[in-house]
Amino acid sequence: MEKLVIEGGHPLHGEIRISGAKNATLPLLAATMLCAGTHVISNVPNLRDTRTIVKLLRSFGLECQPDAGSEWRICADKIDNFEASYDLVKTMRASVLVLGPLLARCGVARVSLPGGCAIGARPIDFHLQGFEKMGATITLREGYVEAKSPGRLQGADICFDIPSVTGTENILMAATLAQGRTVIKNAAREPEIANLIDMLTGMGARIEGRGSDMLAIDGVKELRPAATAIIPDRIETGTYLIAVGATGGEIRINNCRPDHLPMLLDKLRRAGMEIEVGNNWLLAGRRGHLSNVDIKTMPYPGFPTDLQAQIMALMTLTNGGLSVIQETIFENRFMHVAELNRMGAHIRIEGRNAIVRGGGLLAGARVMATDLRASASLVIAGLAAQGITEISRIYHLERGYDNLSAKLIDLGARVEQVQETA
Ligand code: UD1
């Protein structure tokens with residue numbers, strides 16, 4: 001196993017290019033299962049989660065071929081297995097995204113229930129209730145969801161209690177081939193869903209309401225493959241922005257979508273960062289002190305829960321005072337707090353709020369990554385801390401950050417990935 005060793009205290013300077021979005025890659029690759037033919041997906045990031053979804057698609061019989069650079073060709077002519085095993089699903093919850101396409105095209109799917117994870121219970125009841133409304137039979141047996149639909153799925157009116165990202169994507173994919181109209185109310189509005197809608201529309205799907213919380217899908221009999229590009233990763237972009245806020249310096253971030261980060265840019269400017277925005281680039285830096293801002297995570301376009309841990313690391317470095325960070329999406333997403341406190345931060349948890357006292361000086365320490373975004377917050381803390389930080393279990397980071405060490409080194413950070421000794 002590898003660990004990341006960071007010598008902190010060096011401001012970031014330079015340029016980086018943002019990779020394709022992890023959270024768009026997973027539904028877009030799953031959507032290739034909806035019809036036979038060869039799909040071409042470009043701007044695919046090199047991530048552990050990408051490898052997991054490719055493994056899953058191959059296990060169903062699809063042929064997945066990486067082309068030059070970040071392009072993948074996926075031939076979905078043959079599907080001869082309908083089961084996603086526990087071994088794959090346990091490493092990546094988003095594996096449940098294969099349910100919708102399998103059910104729509106093959107009328108049958110058996111997918112291991114993902115179970116809880118480090119950040120909370122994370123049920124998939126909205127997905128399953130949606131499929132049932134569309135006429136599928138759902139049985140839970142031996143830890144697996146068994147879904148069956150003897151004929152085509154039927155269009156239905158589906159209303160989510162709270163907007164679910166993968167829930168919206170799963171129902172959306174299933175509805176493209178259903179008979180009649182499906183309406184999804186209180187749908188999630190994340191940019192990755194718009195990316196999926198663009199792909200599905202290119203494949204011949206009929207979808208209204210892109211970007212809104214109500215989607216209407218008129219099912220078609222067949223789809224055809226289409227070439228699609230994955231949008232830049234807004235969470236990766238946000239992580240580097242917050243990193244330069246923490247270390248000081250100035251960086252240019254290329255191939256990104258600043259319009260996908262409205263709330264973060266506003267908060268970082270209010271915290272004292274200078275940020276210039278272009279169509280697909282950002283120039284960001286910090287010269288003066290940082291101020292406290294309060295954060296409340298919300299579904300898009302609110303502040304993303306996937307950047308909550310990172311901004312918490314930043315708030316430990318302000319000029320004093322308190323920041324209240326409220327997590328409303330996941331009930332247990334404060335695993336990074338104990339590790340940040342080990343580095344000298346002053347954070348206390350009160351229910352769903354983390355109260356962060358600024359003015360602290362972080363000091364390097366040996367810390368443990370617990371989940372993907374918690375690990376990113378430890379990297380940010382390590383970059384800003386005095387001395388050496390060692391982060392173990394960095395496979396969490398590899399799930400969602402393409403070439404993290406190399407990109408940080410390009411920005412002048414002192415980072416090394418080394419083998420952990422037993
Ligand atoms: C997706 C993202 C993840 C992000 C999260 C919230 C992907 C692959 N992952 O996860 O990075 O942190 O959105 O922006 O895109 N819920 C239920 N029942 C359900 C589904 C969800 O109660 O059937 C609840 C969840 O527990 C959570 C909330 O709804 O409290 C939102 O979760 P959801 O949007 O579904 O998260 P994911 O799609 O799993």
Side-chain angles (χ1 to χ4, degrees), residues 20-31 45 47-50 52-53 56 89 91-100 111 113-133 138 140 145 147 158-174 184 186-196 213 230-231 233-236 238-239 260-261 263-264 295-311 326-336 352 371-377 396-397 399-401:
K22 168 180 96 66
N23 285 355
T25 302
L26 306 177
L28 266 67
L29 289 190
L47 303 171
R48 190 178 281 261
D49 273 12
T50 305
T52 306
I53 190 88
L56 205 51
V89 178
T91 62
M92 189 183 77
R93 294 181 45 81
S95 305
V96 296
L97 281 168
V98 302
L99 260 174
V111 176
L113 271 170
C117 71
I119 63 174
R122 299 185 78 175
I124 57 162
D125 51 329
F126 301 164
H127 307 226
L128 303 184
Q129 283 159 15
F131 294 137
E132 274 181 332
K133 274 199 140 181
I138 305 285
L140 301 183
V145 178
I158 292 164
C159 185
F160 289 133
D161 290 358
I162 37 177
S164 161
V165 177
T166 48
T168 303
E169 292 163 347
N170 235 340
I171 301 297
L172 193 54
M173 289 188 280
I184 311 177
N186 204 17
R189 291 185 285 160
E190 270 64 4
E192 293 76 20
I193 295 173
N195 199 184
L196 175 64
D213 64 357
I230 289 172
I231 56 170
D233 197 310
R234 63 197 164 96
I235 305 302
E236 187 194 17
T239 302
H260 289 168
L261 285 163
M263 198 56 97
L264 178 73
I295 302 287
K296 181 176 183 177
T297 63
M298 293 290 275
Y300 189 83
F303 192 94
T305 175
D306 286 351
L307 285 171
Q308 177 259 105
Q310 297 89 318
I311 202 147
Q326 189 182 358
E327 173 57 58
T328 73
I329 310 287
F330 294 115
E331 67 276 15
N332 191 26
R333 204 170 201 180
F334 285 140
M335 305 287 277
H336 42 286
R352 290 206 153 191
D371 68 65
L372 170 58
R373 306 306 173 184
S375 319
S377 83
H396 289 293
L397 283 165
R399 284 193 45 213
Y401 288 93

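If you read the sequence from its start, that first residue is 1, and numbering goes on from there. As the structure is a computational prediction, the values presented were derived from the model and not from experiment. As the structure lists them, so they are numbered: ligands from 1, and atoms in each ligand from 1. Only heavy atoms go into these numbers, but all of them, side chains included; no hydrogens, no water, no symmetry mates.
Of all atoms in ligand 1, listed by their number and element, those nearer than 4.0 Å to a heavy atom of Ile124 are 19 (C), 23 (O). Residue-ligand proximity, Ile329 to ligand 1, at heavy-atom distances under 4.0 Å covers atoms 27 (C), 30 (O), 31 (C). Each of the following atoms of ligand 1 lies closer than 4.0 Å to a heavy atom of His127: 23 (O).
With 3.5 Å as the limit, one finds a donor-acceptor pair spanning the side chains of Tyr401 and Arg373.
An N or O contact shorter than 3.5 Å is missing between Ala94 and ligand 1 by distance. Between Lys22 and ligand 1, no N or O atom pair is found at a separation short of 3.5 Å. The shortest N or O to N or O distance between Glu169 and ligand 1 is not below 3.5 Å. Residue Ile162 has no N or O atom closer than 3.5 Å to an N or O atom of ligand 1. Polar contact check, Ser164 against ligand 1: a nitrogen or oxygen pair lies under 3.5 Å apart.
Tested against Ile235 for a side-chain contact (heavy atoms from CB on, under 4.5 Å), the candidates Thr305, Leu372, Leu307 yield a single pass: Leu307.
For the pair Pro163/Asp213, no side-chain contact is recorded, criterion being any heavy-atom separation below 4.5 Å from C-beta on. Put simply, the side chain of Leu97 does not reach to within 4.5 Å of the side chain of Ile53, judged on heavy atoms.
Ligand 1 is approached by Arg333 to a heavy-atom distance shorter than 4.0 Å. For the pair Pro123 and ligand 1, a heavy-atom separation below 4.0 Å is found.
Distance check: Arg352 CZ to Lys296 NZ gives 11.0 Å after rounding to the nearest 0.5 Å.
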Q.
Go through it in stages, so that I can follow the logic: the residues are Ile124 and Arg93, the test is side-chain contact (heavy atoms from CB on, under 4.5 Å), and I'd like the CA-CA distance, side-chain angles, deciding distance and then a yes or no.
A. CA-CA 10 Å; Ile124 57 162; Arg93 294 181 45 81; 4.2 Å; yes

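Contacts between Phe330 and ligand 1 below 4.0 angstrom, taking non-hydrogen atoms only, involve the side chain exclusively. Contact annotation: for Thr305 versus ligand 1, heavy atoms closer than 4.0 Å belong to the side chain alone. Contact annotation for Asp306 and ligand 1: only side-chain heavy atoms (C-beta onward) come within less than 4.0 Å of the ligand.
Selection from Val165, Asp125, Ile53, Leu372 by nearest heavy atom to atom 1 (C) of ligand 1 gives Val165.
Remark: the backbone N or O of Ile230 is not paired with any side-chain donor or acceptor of Asn195 at under 3.5 angstrom. With hydrogens and angles disregarded, no donor-acceptor distance shorter than 3.5 Å links the side chain of Thr166 to the backbone of Ala94.
Applying the salt bridge (charged side-chain N to carboxylate O under 4.0 Å, His left out) test to Glu327 and every residue at least two apart in sequence or in another chain returns nothing.
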